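Structure, as structure tokens:
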Amino acid sequence: MQARPYHTAPTSFPSPSKLPRFHRTPSPAKIKIPRVISISTPDTADHASSRTSLDTIDDHVAAFWDYQFLFVSQRSETTEAVTLRVVDGAIPSNFPSGTYYLTGPGLFTDDHGSTVHPLDGHGYLRAFNIDGVSREVKFMARYVKTEAQVEEHDPETNTWRFTYRGPFSVLKGGKRLGNTKVMKNVANTSVLRWGGKLLCLWEGGDPYEIELGTLDTTGRFDMINGRDSSMDNRSNGGDTWDIAAGLLKPILHGVFKMPPKRLLSHYKLDAKRNRLITASCNAEDMLLPRSNFTFYEYDENFKLLQRQEFNIPDHLMIHDWAFTDTHYILFANRIKLDVIGSMTAICGLSPMISALSVNPSKSTSPIYLLPRFPEKSPSNRNWRVPVEAPSTMWLLHVGNAYEAKDVHGNLQIQIHASICSYQWFNFQKLFGYNWQNAKLDPSVMNVKEGGDELLPHLVQVSINLDADGTCQESSVEPLNQWSKPADFPVINPDFSGNKNKYVYAASSSGSRQTLPHFPFDMVVKLNLLDKSIHTWTVGARRFIGEPIFVPKGREEDDGYLLVVEYAVAIQRCYLVILNPKRIGKADALVARLEVPRHLNFPLGFHGFWANGS
């Protein structure tokens with residue numbers, strides 16, 4: 001049975017045509033902002049603060065504005081570190097010293113009438129340096145000086161003119177027809193500190209290296225295309241698709257400036273082997289019904305230890321992936337070319353991403369188990385044949401994966417991830433963005449009917465292989481039966497690739513009628529052994545992003561959780577420190593620190609905790 005289109009009834013919001021663009025902060029003289037008396041976390045056992053909850057407004061207008069304010073541009077940068085003020089609790093004396101890096105878009109509008117999708121916003125790196133001795137947090141924020149950022153920003157006048165289209169946007173004030181500047185590497189998706197280097201990554205290009213301390217941009221860091229290039233000079237056989245690839249490569253590289261291989265923004269850290277693992281795909285894979293993925297493993301000094309390439313006979317779009325002791329794991333997010341969308345995209349009438357659409361033609365989800373160490377693999381399993389999971393799902397993010405082998409050689413693989421429905425996922429409408437009127441529509445992320453199944457939610461995928469590598473069983477179940485929309489699953493990084501007991505994620509309390517599913521306002525902790533669930537909610541008209549675990553001891557939940565609170569109604573951001581062991585209790589909140597108002601920033605994407613000063 002093929003998946004059928006699912007028509008949803010969105011939450012009713014004010015007509016976007018009657019409201020200003022989402023990315024500009026409206027003038028108080030022209031726009032009446034909904035009244036806010038006070039915003040705080042209720043004093044109940046289900047919340048993590050003792051602050052008193054006062055009256056708040058929760059209607060469609062307030063919800064619309066709260067959603068827009070989550071994506072307000074921040075043009076200011078820090079010239080030197082700013083000490084954050086503690087407004088709740090205190091930084092504990094045993095907090096490990098280190099830096100929490102958070103990246104995401106910082107700019108959505110230029111000074112010439114153009115707007116961009118949040119995924120095309122220029123990378124804005126935030127750094128919270130926590131000194132466990134002085135118990136102070138110093139904050140810095142800088143734009144990543146990518147090639148596109150340098151071209152589009154005038155530092156003397158601090159004005160912007162967008163010239164790059166980007167994959168998800170259409171320029172209003174710039175060149176549209178014939179604009180080949182599609183691959184707008186904005187370095188805004190993830191951040192990593194490894195081998196003495198601080199890197200900001202993007203889905204489709206080289207990462208940018210950032211100077212530790214100052215956050216100055218050093219330049220591009222070639223992790224894949226310039227390393228061991230001799231390994232690329234091998235014969236591809238010469239079938240039809242090889243010939244097509246050979247014709248596409250010079251066009252994509254010469255005209256559209258795409259690198260031969262596009263580095264994926266998500267990486268993995270193998271805690272057991274102390275390795276960094278990255279993955280890339282070929283540039284031409286976006287247009288051909290096959291996919292070439294290459295995996296790279298580096299030691300702690302960034303020395304390339306191994307490199308493996310896999311050719312998969314399917315048209316895939318991979319954002320995140322998993323690994324275990326013996327496998328790389330790819331969930332086959334299947335796509336197809338959209339002919340009409342391709343024509344309008346080439347003409348500059350629609351975003352370039354409109355050339356692609358999801359392909360929900362199968363009733364199952366192929367999962368590829370790729371051998372990590374083929375020479376050590378005891379089975380003769382054909383990795384080109386995927387495991388067919390009994391559910392049609394689009395993978396978003398992976399929290400962890402691990403495997404266990406019994407005495408008979410049978411292998412069980414567990415994957416904890418966030419997925420969504422093919423029927424809901426739409427490249428052009430992510431975050432509710434409408435490129436035609438340059439506004440965000442909250443109803444896209446807050447469908448009324450079937451939201452728990454359509455929207456991002458947590459699952460456990462189980463795969464059982466016998467000693468010969470044959471799949472005996474596969475299943476997909478809600479993680480701990482948690483059915484509320486959720487994303488950004490994380491674990492204690494010291495357990496990455498190993499069996500874990502706890503998963504943390506951003507989720508929604510559902511307490512807000514007008515924004516029941518997204519943005520998220522709750523941290524959920526799931527105990528995978530006893531199946532218990534504990535939550536901490538940030539409070540009325542406040543949202544959160546991805547949580548980050550800071551390890552402190554040997555126990556898996558011994559440490560702290562960091563998460564940014566976005567108090568959008570009052571245009572403030574806070575760094576929140578939580579005690580993972582106390583999630584679900586009134587004293588889960590350890591500390592809350594205020595970012596100065598003039599440095600309030602939009603929603604971040606992914607973060608990284610780096611030990612040390």
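Given the structure is predicted, the values throughout are model-derived calculations rather than measurements.
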Hits for salt bridge (charged side-chain N to carboxylate O under 4.0 Å, His left out) against Glu77, two or more places apart or cross-chain, chain-then-number order -> Arg142, Lys145

Sorted by chain and residue number, the side-chain hydrogen bond (donor to acceptor under 3.5 Å, both in side chains) partners of Ser391 (sequence neighbours excluded) come out as none

In sequence, state the C-alpha distance, the side-chain angles, and the governing distance for Lys429 and Asp441, and then conclude on salt bridge (charged side-chain N to carboxylate O under 4.0 Å, His left out).
CA-CA 9 Å; Lys429 295 183 179 181; Asp441 180 3; over 6 Å; no

By side chain to side chain contact (heavy atoms under 4.5 Å, CB included), Asp338 pairs with (sequence neighbours left out) Ile340, Ser357

Side chain to side chain contact (heavy atoms under 4.5 Å, CB included) filter on Ser508, not counting sequence neighbours, yields Phe520, Asp521

inquiry  = Is it the case that the ring center of His606 lies less than 6.0 angstrom away from the ring center of Phe488?
reply    = yes

Taken in chain and number order and not counting sequence neighbours, the residues that satisfy salt bridge (charged side-chain N to carboxylate O under 4.0 Å, His left out) with Asp120 are none

As a quick check of understanding, evaluate side-chain hydrogen bond (donor to acceptor under 3.5 Å, both in side chains) for Gln428 and Ser354, giving each step before the final call. CA-CA 7 Å; Gln428 299 181 53; Ser354 60; 4.6 Å; no

Report task. Show the numbers, then the answer: is there a side chain to side chain contact (heavy atoms under 4.5 Å, CB included) between Asp66 and Arg512? Result -> CA-CA 12 Å; Asp66 286 355; Arg512 194 163 182 181; 2.6 Å; yes

Residues passing the side chain to side chain contact (heavy atoms under 4.5 Å, CB included) test with Glu147, sequence neighbours excluded, are Tyr164, Tyr208, Arg220

Arg161/Asp110 ion pair, N-O < 4.0 Å: no

Trp160 meets the ring pair (Phe, Tyr, Trp, His ring centres under 6.0 Å) criterion, sequence neighbours left out, with His122, Tyr143, His153

Correct closest heavy-atom pair for Thr99 and Asn129 would be OG1-ND2, 2.8 Å

On a heavy-atom basis, the closest approach of Val595 and Leu84 is CA-CD2, 4.0 Å

Result for ring pair (Phe, Tyr, Trp, His ring centres under 6.0 Å) between Phe71 and one of Trp65, Tyr566, Phe431, Phe543 points to Phe431

- prompt: Under 6.0 Å from the six-membered ring centre of Tyr101 and within 45° of its axis: does the NZ or CZ of Arg193 meet both?
  reply: no

Note: Pro602 and Gly106 closest approach over all heavy atoms is CG-CA, 4.0 Å

- prompt: Step by step, would you call Phe139 with Leu599 a side chain to side chain contact (heavy atoms under 4.5 Å, CB included)?
  reply: CA-CA 10 Å; Phe139 174 75; Leu599 294 174; 4.0 Å; yes

Hits for salt bridge (charged side-chain N to carboxylate O under 4.0 Å, His left out) against Glu594, two or more places apart or cross-chain, chain-then-number order -> Arg85, Arg572

Residue set satisfying ring pair (Phe, Tyr, Trp, His ring centres under 6.0 Å) with Phe549, at least two apart, ordered chain then number -> Tyr504

Sorted by chain and number, sequence neighbours left out, side chain to side chain contact (heavy atoms under 4.5 Å, CB included) with Met140 holds for Thr78, Ala81, Leu215

Hey, mind stepping through Ser265 and Thr189 against side-chain hydrogen bond (donor to acceptor under 3.5 Å, both in side chains) and telling me if it holds? CA-CA 6 Å; Ser265 60; Thr189 311; 4.6 Å; no

- Evaluate the side-chain proximity of Asp154 to Glu156: yes if any heavy-atom separation is below 4.5 Å, no if none is. yes

Tightest non-hydrogen contact, residues Leu458 and Pro489, listed as CD2-CB, 4.1 Å

**Message:** Between Leu593 and Tyr574, is there a side-chain heavy-atom distance shorter than 4.5 Å?
**Reply:** no

How about Asp88 and Leu589: do any of their side-chain heavy atoms sit closer than 4.5 Å?
yes

Closest non-hydrogen contact found for Val116 with Leu107 is CG2-O, 3.9 Å

- Query: Under a 4.5 Å cut-off applied to non-hydrogen side-chain atoms, are Leu455 and Val447 in contact?
  - Reply: yes

Minimal heavy-atom distance between Val563 and Ile544, with the atoms involved, is CG2-CB, 3.8 Å

Worksheet item: Between Asp216 and Ile210, does a side chain to side chain contact (heavy atoms under 4.5 Å, CB included) hold up when you go through it step by step?
Response: CA-CA 6 Å; Asp216 289 335; Ile210 308 299; over 6 Å; no

Those residues at least two apart in sequence (or on a different chain) that pass salt bridge (charged side-chain N to carboxylate O under 4.0 Å, His left out) with Lys581 are Glu555, Asp557

So, for Tyr124 and Phe601, is the gap between ring centers shorter than 6.0 Å?
no

Open item on the list: Given the ring of Phe162, does Lys184 sit roughly above its face, with NZ or CZ under 6.0 Å from the centre of the six-membered ring and within 45° of the axis?
Closed with: yes

Could you tell me whether the side chain of His397 reaches within less than 4.5 Å of the side chain of His266, counting heavy atoms only?
yes

- Query: How about Glu136 and Ile91: do any of their side-chain heavy atoms sit closer than 4.5 Å?
  - Reply: no

Expected output: side-chain Asn188 to main-chain Gly121 donor-acceptor under 3.5 Å
yes

Worked check of ring-ring contact (aromatic ring centres under 6.0 Å, His included) between Phe95 and Tyr560:
CA-CA 8 Å; Phe95 197 99; Tyr560 297 97; 4.8 Å; yes

Here the gap from Leu575 atom CG to Leu102 atom CG, rounded to the nearest 0.5 Å, amounts to 9.5 Å

Ring pair (Phe, Tyr, Trp, His ring centres under 6.0 Å) filter on Phe425, not counting sequence neighbours, yields Trp394, Phe427

Notebook entry, point to check: When you look at Arg542 and Val568, which way does the side chain to side chain contact (heavy atoms under 4.5 Å, CB included) test go after all the steps?
Noted result: CA-CA 6 Å; Arg542 297 172 183 244; Val568 289; over 6 Å; no

